[in-house]
Amino acid sequence: MGTFESEDLKRQIEQLTQQLETLRQENSSLKSQSQGSTEATSAPEVRSTPAESGVEVGNIQEGDITLRRLVQRIAMILQAEKIVIMFYETETSELVAIPPAYGVDDEKLAHFRVRATQGITGEVFREAVPAIFHNAANDDRTKKDLVSLFHVNNGITVPLIIEKRDDENRIVDRTTIGVLHAFNKRHGEDFNDEDVRLLERMAKNVGSIIANLQLYKAVMKEREELLQTFESLTSGLVLITPEGKISQMNASARAVFRMEGEVIGEHYTKVTENPHLIEFLESGLAGGEPTPIEIEIDLKATLRDYSVQGAQVRNEDGKQLGFVTIIQDITEQKNLDKMKSSFVAMASHELRTPLTAIKGFSSTLLDGVDHNLYDANDQKEFLGIIVGECDRLRRLIDDLLNTARIESGQSLTPNYTQFELSNILEKVVRVQNQASARHEVKLEIHGEIPAKIIGDEDKFDQILTNLLNNAIKYSPEGGDVIVHAWSEGDDKIKIGVQDHGIGIPKEHLGKVFERFHRVNNEDNRKIYGTGLGLFLVRHLVEEVHLGEIWVESEVGKGSMFLFTMPKEIDIEKAKELNS
Ligand code: ADP
């Protein structure tokens, strides 16, 4: 990842953690606020147990339970059969019955919603003035909804009002958030003005609990969303409080530190013993902006490289809320860097070797001209070697150019024609057979193969030549090298290039097709190459011929590179892919 991208990511993460911390603080201030406000407005009647009135919205469940108890208590004090809370929903401009209710089943409750312009509910909500009614069946404001749904005879409806007070307990703002209904006085009695006053006082408690619960739910939801984002980032993130305790750690970070149990609240030294990382965190917690570091972590028995960056998380006033650490896996990037530098060494060697040969044989020939040292046969042999080495040079340069092209997203412009399959197989085998005296290169055709196929002949030749070159190169002891050809189903051909050479260790089988990837062990070290050949071959098989390639191999026994491709390539599809 480039510096620009990672800077960008760092900024995003800083913002994210800042939001998260602000929310956490909002959350806890909400807790203390909710306690304060309910106490300030509590009616003595409902304060018989402090746990109920001094509602601590430590969590939603607790708040819900407190509210439920309060509703029951109101029913008891007022001797009402039913109590219903309604909350104003801004999106629909409706008042909606919300749980908990008393004396009403949940299903009925769920159906009870009233437009803010309708009935007694609407009236009390709009005017924020309590109302009492004695004969619901004959009252226009109640007979439509309350009577039919809840069988209401009489009742009181009071507004649910939230009051904001300043430091001196003066009311600075009043908002009506809904209404509270008490229906049907027990024992055939009717509600009176004293009941209205009582209900009004208790509505203040109900109102503040609901307001806090709603706010709390909204904050929780926002926090949940942020946490999800945090959790799903591919970079590892760890947020540490100024006291050094872990307050957030996302899935990627937990994977890096192999943390399975609960880590939140642990001191960061429980998570890592890496001295560089600890030093980095210490410096960050001390308020500094430590320079990014790179560390190695042993992950499931393989060493992986990580870059570690950090940022201070501060609130708007600049107070330190914590320190966030961003951990990115840079193993692949580092491997590529390593491979690229070994590639440079290899490529220089690969360039120098043919040049040395060309220079050597041409100088020899030149010397020979004056003294007539070499006969026609010798000269032919020397010139043959020079031509061969020039070809090798050209191939290397082509490989380099083609790799650069593929890497930049371009394709190796295909040129599709119909050509004779066995002709080209025989030709390539013949050429390679001449190239090495120690190897016997053979062709084995299994069953019937199509006489002609459609593809890019030159590139097909290149695939085979490359695989055969490798087969010869990686069987230093010599032996048979066999090109196999089969028909695969009705519409494909399958080609295999088999050698009896050094083989490929299992863990490299999938990787040899990656650019610059070379097996680096005792057997291979003396065999030079750039690690580009198979990368190009794979491109030529998969992209140019819409085929598949893989390798089967056993160390010490040999390898077989296999590929399949359509016998008649869908030119339109291929062109689209390669355009
Ligand atoms: P190069 O041969 O230039 O290193 P390639 O991309 O052709 O690059 O091959 C990548 C690696 O795959 C080689 O370095 C070698 O380790 C391994 N390899 C390829 N072909 C064979 C083979 N026939 N037998 C054993 N190893 C092979």
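Start at 1 and go down the list; that is how both ligands and their atoms are numbered.
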Visitor: Give a yes or no on this: more than 12 heavy atoms of other residues, nucleotides or ligands lie within 6.0 Å of atom CD of Glu507.
Guide: yes
Visitor: Side-chain atoms of residues 463-472: list all donor-acceptor pairs with protein atoms under 3.5 Å, sequence neighbours left out, distances to 0.1 Å.
Guide:
{"from": "Thr465", "atom 1": "OG1", "to": "Asp461", "atom 2": "O", "distance (Å)": "2.7"}
{"from": "Thr465", "atom 1": "OG1", "to": "Asp461", "atom 2": "OD1", "distance (Å)": "2.7"}
{"from": "Asn469", "atom 1": "ND2", "to": "Thr465", "atom 2": "O", "distance (Å)": "3.3"}

Visitor: State which residues pass salt bridge (charged side-chain N to carboxylate O under 4.0 Å, His left out) with Glu262; sequence neighbours excluded, sorted by chain then number.
Guide: none
Visitor: Taking non-hydrogen atoms within less than 4.0 Å of ligand 1, which protein residues qualify?
Guide: Asn470, Ala471, Lys473, Tyr474, Asp499, Gly503, Ile504, Val512, His517, Arg518, Val519, Asn524, Gly529, Thr530, Gly531, Leu532, Gly533, Leu534, Ser559, Phe561
Visitor: For the pair Phe361 and Phe382, name the ring-plane relationship: parallel under 30°, tilted 30 to 60°, perpendicular over 60°.
Guide: tilted
Visitor: Between Glu289 and Gln312, does a side-chain hydrogen bond (donor to acceptor under 3.5 Å, both in side chains) hold up when you go through it step by step?
Guide: CA-CA 7 Å; Glu289 290 281 348; Gln312 296 293 340; 5.1 Å; no
Visitor: Could you note down all residue pairs passing ring-ring contact (aromatic ring centres under 6.0 Å, His included) where residues 434-458 supplies at least one of them, sequence neighbours left out?
Guide: His446-His484, His446-Trp486
